[in-house]
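I have placed the structure first, in the form of structure tokens, so that the comments after it can refer back to it.
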Amino acid sequence: MRSEGLMREWTREKRLRTRSVAGTLALGELLTELLRAPKLVVLRGDLGAGKTTLVKGMAAALGAAEDVTSPTFTLVHEYVGRRVRLFHLDLYRLETEKELEGIGLWEMADAPDALVVVEWGDKFASVMERADAEISMESGENETERLLLVKW
């Protein structure tokens with residue numbers, strides 16, 4: 001069901017590498033500067049790739065005090081920062097566009113103070129069409145190394 005055939009034309013890309021959890025957190029902070037709200041960002045990566053750790057770094061940079069956890073079972077987590085709200089979504093359990101509309105994704109994406117980070121967004125053509133950026137994460141050569149490809 002993944003929208004592999006849909007190729008978005010991005011104008012910029014940046015390759016990043018981190019060798020530690022602290023480094024992944026720091027890259028999350030950096031990405032909030034690179035991808036300023038309002039943005040809809042698709043976050044790709046296998047289980048254990050460090051996606052939640054990256055979002056923790058983003059939330060910290062925005063001044064959110066809440067503890068960041070994976071939204072796998074709740075679908076949506078909202079973290080309120082100083083000036084920006086960070087929405088972290090996991091669409092793995094959704095199957096249809098109707099379910100997607102039911103969680104309010106488009107309202108979140110349209111908010112001027114929202115940075116919306118969506119895991120498994122590539123399952124839906126509508127998400128890929130509206131995405132402002134894409135971050136792909138994968139494990140590197142050792143247990144803590146992560147490789148990121150950011151396109152926007």
Side-chain angles (χ1 to χ4, degrees), residues 1-18 24-64 66-139 146-152:
M1 180 166 191
R2 292 169 83 100
S3 304
E4 299 295 343
L6 182 69
M7 292 301 295
R8 172 77 185 246
E9 288 295 322
W10 305 107
T11 57
R12 293 176 276 186
E13 79 174 39
K14 189 160 198 60
R15 292 182 185 278
L16 304 165
R17 176 192 314 237
T18 177
T24 302
L25 291 168
L27 283 181
E29 293 184 29
L30 170 81
L31 289 172
T32 61
E33 291 296 317
L34 195 63
L35 306 172
R36 292 184 178 269
K39 289 274 186 298
L40 174 61
V41 180
V42 172
L43 180 56
R44 296 179 181 227
D46 293 334
L47 190 65
K51 297 182 299 291
T52 299
T53 302
L54 187 73
V55 173
K56 282 182 184 182
M58 296 171 99
L62 297 172
E66 301 94 337
D67 187 34
V68 173
T69 58
S70 176
T72 302
F73 296 104
T74 55
L75 300 181
V76 180
H77 286 169
E78 178 181 0
Y79 305 101
V80 179
R82 290 179 294 274
R83 288 186 291 282
V84 173
R85 293 180 296 154
L86 174 65
F87 291 96
H88 184 198
L89 291 82
D90 185 326
L91 306 182
Y92 181 76
R93 299 190 180 289
L94 300 186
E95 296 295 329
T96 67
E97 290 284 340
K98 188 171 180 95
E99 289 175 304
L100 190 61
E101 291 169 16
I103 63 170
L105 173 59
W106 306 129
E107 291 79 6
M108 291 175 225
D110 288 339
D113 67 336
L115 179 58
V116 182
V117 179
V118 182
E119 295 184 37
W120 294 95
D122 55 328
K123 286 177 59 175
F124 298 96
S126 61
V127 174
M128 294 308 293
E129 288 167 9
R130 291 217 28 205
D132 298 300
E134 179 180 316
I135 302 170
S136 299
M137 294 185 72
E138 61 183 49
S139 297
R146 297 293 180 265
L147 306 172
L148 286 78
L149 176 59
V150 183
K151 298 178 184 179
W152 73 103

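Throughout, residue positions are numbered sequentially from 1 according to the sequence presented.
Applying the ring pair (Phe, Tyr, Trp, His ring centres under 6.0 Å) test to pairs two or more places apart or on separate chains, none has a residue in residues 29-50. For the salt bridge (charged side-chain N to carboxylate O under 4.0 Å, His left out) condition, the pairs that include at least one residue of residues 67-82, sequence neighbours left out, are E78-R85.
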| request: In sequence, state the C-alpha distance, the side-chain angles, and the governing distance for L94 and L75, and then conclude on side-chain contact (heavy atoms from CB on, under 4.5 Å). | output: CA-CA 9 Å; L94 300 186; L75 300 181; 4.0 Å; yes
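Considering only heavy atoms from C-beta on, E101 comes within 4.5 Å of W106 through its side chain. I135 is not listed as a side-chain neighbour of V117, based on a closest heavy-atom distance of 4.5 Å or more. Counting only heavy atoms from C-beta outward, the side chains of W120 and R93 never approach each other to under 4.5 Å. Counting only heavy atoms from C-beta outward, the side chains of D132 and W10 never approach each other to under 4.5 Å. Residues M128 and V42 have side chains in contact (heavy-atom distance under 4.5 Å, counting atoms from C-beta outward). Proximity of R15 to R17: side-chain heavy atoms (C-beta onward) are nowhere separated by under 4.5 Å.
A distance of 12.5 Å separates CD of E134 from CH2 of W152, quoted to the nearest 0.5 Å. A distance of 6.5 Å separates CZ in F124 from OG1 in T96, rounded to the nearest 0.5 Å. Of the inter-residue distances, the one linking L149 atom CG with M137 atom CE reads 12.0 Å to the nearest 0.5 angstrom. To the nearest 0.5 Å, atoms CZ (R130) and CG (D110) are separated by 4.5 Å. Considering NE2 of H88 and OG1 of T74, their distance stands at 9.0 Å, rounded to 0.5 Å.
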Which pairs would a plain distance check flag for residues 49-64, meaning a side-chain donor or acceptor within less than 3.5 Å of a matching protein atom at least two apart in sequence or in another chain?
residue : atom : partner : partner atom : Å
K51     : NZ   : G45     : O            : 2.8
K51     : NZ   : D46     : O            : 3.0

Could you go through residues 26-41 and list every donor-acceptor pair under 3.5 Å that involves a side-chain atom there, pairing it with any protein atom two or more places apart or in another chain?
residue : atom : partner : partner atom : Å
T32     : OG1  : E29     : O            : 2.6
E33     : OE1  : R36     : NH2          : 2.5
K39     : NZ   : R36     : O            : 3.3

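The two residues R83 and D113 come nearest to each other via the heavy atoms O-CB, 3.7 Å. Scanning all heavy atoms of the two residues, the minimum distance from M108 to I103 falls at CE-O, 3.1 Å. Counting all heavy atoms, side chain and backbone alike, Y79 lies closest to T69 at OH-N, 3.2 Å. Residues E97 and A125 come closest through the heavy atom pair OE2-N, 4.2 Å.
Residues forming a side-chain contact (heavy atoms from CB on, under 4.5 Å) with S139 (at least two apart in sequence, or on another chain): R146. In this structure S70 satisfies the side-chain hydrogen bond (donor to acceptor under 3.5 Å, both in side chains) test together with T72, sequence neighbours excluded.
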